[in-house]
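Atom set for the values below is all heavy atoms of this structure, side chains included, hydrogens, waters and symmetry mates excluded.
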Amino acid sequence: MTKIATWNVNSLRVRLPQVLDWLGTNQPDILALQETKLLDENFPQGEIEAAGYQVAYAGQKAYNGVALLSRSAATDIIRDIDGLDDDQRRVLFATCDRLRVLNVYVPNGENVESDKYQYKLTWLKKLTGYIRQQLVAHDRLVVLGDFNIAPEPRDVYDPELLEGQVLFSVPERTAFRTLLDTGLSDTFRLFNQEDKQYTWWDYRMMAFRRNRGLRIDHILASETLSKACVSCTIDKEPRRWERPSDHAPVIAEFR
DNA sequence: ATGGTAGAGGATCTA
């Protein structure tokens with residue numbers, strides 16, 4: 001069994017003790033992190049290796065940044081995807097435990113009128129083209145991370161209020177659907193799930209206490225891997241901790 | 001009254 005997880009930590013510097021605690025409790029084989037917000041020279045490699053995990057990372061100053069923590073060594077590591085043409089550190093692609101793993105931090109988009117929203121849609125289109133190519137070569141592909149898109153009305157706390165807003169606009173949801181149509185499954189929806197399960201809650205307005213959240217962090221699997229997927233769950237526990245990330249981890253297991 | 005909170009970095013920008 002291979003256990004793989006994703007977690008937007010919103011600063012690895014601040015969240016490192018929580019990440020180490022969570023690794024000890026949950027023992028994943030692979031953990032994909034987003035928003036590390038660290039230069040590579042400041043990555044806490046020693047502390048993570050001391051906890052029994054190897055690391056690969058692609059960071060930058062202040063914003064973005066992704067990392068892959070794994071029990072086994074990751075190989076064939078790619079930090080710059082062909083055709084993405086992006087200076088921001090948002091992707092990390094590697095092979096680990098017989099999986100081809102693509103860790104993504106999709107642009108937030110800010111709001112639907114913003115230039116950053118167009119950047120998000122263009123970025124997703126380029127990523128989708130790349131994934132379409134990669135699925136030809138890799139039948140055991142996992143794409144996971146913070147997609148900054150809630151795919152369906154049941155993935156947001158108030159679909160009427162949020163309709164047309166960033167993270168839940170029709171063009172974003174269509175882009176997500178197009179990505180799945182390359183041959184990926186949203187592993188969370190392979191299983192019967194309780195209602196009102198989310199992965200992100202705004203820090204403001206007591207959103208977590210009121211469960212005003214969105215499901216925007218996902219683990220997508222190729223057809224071969226979908227058949228081998230036995231669970232996908234959201235761990236809300238770290239969101240309850242003192243000084244938490246605004247995102248909860250998502251965990252999938254593969255036979 | 002365009003809020004409210006968090007992180008980075010040292011004034012705003014991003015989410």
Separation of atom [atom1] in [X] from atom [atom2] in [N], rounded to whole Å:
X       : N       : atom1 : atom2 : result
E110(A) : dC13(B) : CD    : C1'   : 9 Å
Y119(A) : dT14(B) : OH    : C1'   : 12 Å
W200(A) : dT5(B)  : CH2   : P     : 15 Å
Q60(A)  : dG7(B)  : CD    : C1'   : 14 Å
K116(A) : dC13(B) : NZ    : P     : 9 Å
Q88(A)  : dT14(B) : CD    : C1'   : 10 Å
W241(A) : dA6(B)  : CH2   : P     : 18 Å
R239(A) : dT5(B)  : CZ    : C1'   : 10 Å

Practice task
Take D146(A) and Y203(A), find for each the nucleotide of DNA chain B with the closest heavy atom, and name the residue whose nucleotide sits nearer the 5' end.
Solution key: Y203(A)
Exercise for the section: Let me know, please, whether D202(A) or R90(A) comes out on the 5' side of the other along DNA chain B by nearest nucleotide. Expected result: D202(A)
Going by distance alone, is a donor N or O of one side chain under 3.5 Å from an acceptor N or O of the other, for [X] and [Y]?
X       : Y       : result
E253(A) : S231(A) : yes
Y105(A) : N148(A) : no
N103(A) : Q34(A)  : yes

Handout entry: dA15(B) to dG9(B) separation - C1' atoms, rounded to the nearest Å
Key = 16 Å
Problem - Nearest-angstrom distance, P atom, dA1(B) to dA11(B) - result: 31 Å
Handout entry: Where K236(A) and W201(A) come nearest, the two heavy atoms and their spacing
Key = CG-CH2, 3.9 Å
Practice task
Scan Y105(A) against the nucleic acid and name what it touches under 4.0 Å (heavy atoms): base, sugar-phosphate only, or nothing.
Solution key: sugar-phosphate
Practice task
Could you tell me whether R212(A) contacts a base, only the sugar-phosphate backbone, or nothing, with contacts defined as non-hydrogen atoms closer than 4.0 Å?
Solution key: nothing
Handout entry: Gap separating the CZ atom of R90(A) from the CG atom of D80(A), nearest 0.5 angstrom
Key = 13.5 Å
Between the protein and nucleotides 8-12 of chain B, are there any N/O to N/O pairs under 3.5 Å, and if so, what are the atom names and distances?
from	atom 1	to	atom 2	distance (Å)
dA8(B)	OP1	S11(A)	OG	2.3

Handout entry: Of all pairs that satisfy ring pair (Phe, Tyr, Trp, His ring centres under 6.0 Å), the ones with a partner from residues 25-47 of chain A, not counting sequence neighbours
Key = F43(A)-Y57(A)
Exercise for the section: Report yes or no: is the cationic atom of R173(A) (NZ for Lys, CZ for Arg) under 6.0 Å from the centre of the six-membered ring of F168(A), at an angle within 45° of the ring normal? Expected result: yes
